[in-house]
Student: 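Encoded as structure tokens, here's the structure I'll be asking about.
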Amino acid sequence: MMKRSTFIPPNTRTLNRFAISCAALLFMNQLVPVSAFAGANEGVPGVAGEPYLNMPAIAPLGVRIGKHLEVPESSKGPAIDPAKGYRIQDLGQGLYMVTDNGYQSMFMVYDKGVVVVDAPTSYAQYIPKAIAEVTDKPITHVIYSHSHIDHIGGTKGLGGHPIIIAQEETRRLLLRANDPNRPIPTITFKDKYTLKVGGKILELSYHGVAHEPGNIFIYAPAQKTLMVVDVIFPRWMPWRRFALAQDVPGYFAQVKEINDMDWDTLVGGHVERTGTHADVALQLEFMNDLKDAARRALKSTKIGEELAPVDRRNPWAVYGNYIDRVVIQCVNELTPKWSTKLAAYDVYIWDQCYAMEQSLRIDEQ
């Protein structure tokens, strides 16, 4: 059963989305009649009126539902031993992935020590235990994929005084943050940096702003393993609004670049398993379909339709109404093809359509 979330009054966008929510409520696989929530209160400020036309059956933002779509088997990875709280995946030649099936990091063992790539807060306390399963050597280096707390906020807890390597934008952001749990990098680079330790190599490179400034590619050539965090989500819908990408065209460009590169295994920083080229190609196909659907919706949707006449002198209401109807069309177009191909499609499809129409209007048109 789908239940309406608590209503918090009142702004125009909230009213629009609340109207969407009323129309999308499901009970026993049927739409609840809109009259159950409108009619007597129509026209009262802060109360929903008639819903938009052609509402999708996918629950919109702000609606609590009884059950989300099933996670496809192709999106799942090996289970975590609950007694350990993490699992290790051998990537070959001394390189390992550590994960709690929500976050992912890596470590590389060489003759004198261990290089750790990211220390997510969700399981950083287990990283020394994971390392101890394969070696008794100390952590000598830490590489930051980028500055975000959820991926490197456990660094201080690793102990010792490792050399910390990051792109210069990451250092700038960490100086601003002044967070003791994210120590300031001791080595920074602008475009490329190659770490060579005991015959092992990691190639670090910066490809511009997408997820955030400073987010780097980490490539292990001997293992043909590429780690890029918060960009690729193998067989999952990307986190909301393209994983909070600060540059949406840059995000699209990096997904295409990753798709064109030569590698065998991808570590994306999230979800239950590593990625393949087929996973990246599928995400790129979805993103291109999303862009095309949003572009068509922007061109075909008329400004001001389905808006109460009393609100037409309110420009925020006019464009909020327009944007919401663009997104409805985008969700409707994508759902038949993609709802069964990407895990959590129903969780974030509204976010992706909102982010896409905003980017097209601001970045490209």
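Position 1 is the first residue of the sequence; numbering continues from there.
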Student: Pick out which of Lys337, Lys256, Lys291 makes a salt bridge (charged side-chain N to carboxylate O under 4.0 Å, His left out) with Glu285.
Tutor: Lys337
Student: List in chain and number order the residues that pass side chain to side chain donor-acceptor pair (under 3.5 Å) with Asp351, two or more places apart in sequence or in another chain; answer none if no residue qualifies.
Tutor: Arg240, Arg241
Student: Test of understanding: with side chain to side chain donor-acceptor pair (under 3.5 Å), list the residues that count as partners of Thr135, not counting sequence neighbours.
Tutor: none
Student: Under 4.0 Å between a Lys/Arg side-chain N and an Asp/Glu carboxylate O for Arg361 and Glu357?
Tutor: yes
Student: For Glu333, enumerate each residue passing the salt bridge (charged side-chain N to carboxylate O under 4.0 Å, His left out) test, keeping only those at least two apart in sequence or located in another chain.
Tutor: Arg296
Student: Is it true that Asp81 and Arg87 have a side-chain N and a carboxylate O under 4.0 angstrom from each other?
Tutor: no
Student: The criterion is side chain to side chain donor-acceptor pair (under 3.5 Å); which residues satisfy it with Arg312, sequence neighbours excluded?
Tutor: none
Student: Under a plain distance cut-off of 3.5 Å, with no hydrogens placed, do Thr340 and Tyr345 share a side-chain donor-acceptor pair?
Tutor: no
Student: Considering residues at least two apart in sequence or located in another chain, which fulfil the side chain to side chain donor-acceptor pair (under 3.5 Å) criterion with Thr140?
Tutor: Tyr110
Student: If only atom types and distance count, is the side chain of Gln223 paired as donor or acceptor with the main-chain N or O of Gly92 below 3.5 Å?
Tutor: yes
Student: Determine which pairs satisfy disulfide bond (SG atoms under 2.5 Å apart) with at least one residue from residues 134-240, sequence neighbours left out, and list them in order.
Tutor: none
Student: Look at the side chain of Glu169 and the backbone N and O of Gly214, then say whether any donor-acceptor pair between them is shorter than 3.5 Å.
Tutor: no
Student: Tell me whether Asn321 contacts the main-chain N or O of Glu305 through its side chain, where contact means a donor paired with an acceptor under 3.5 Å.
Tutor: yes
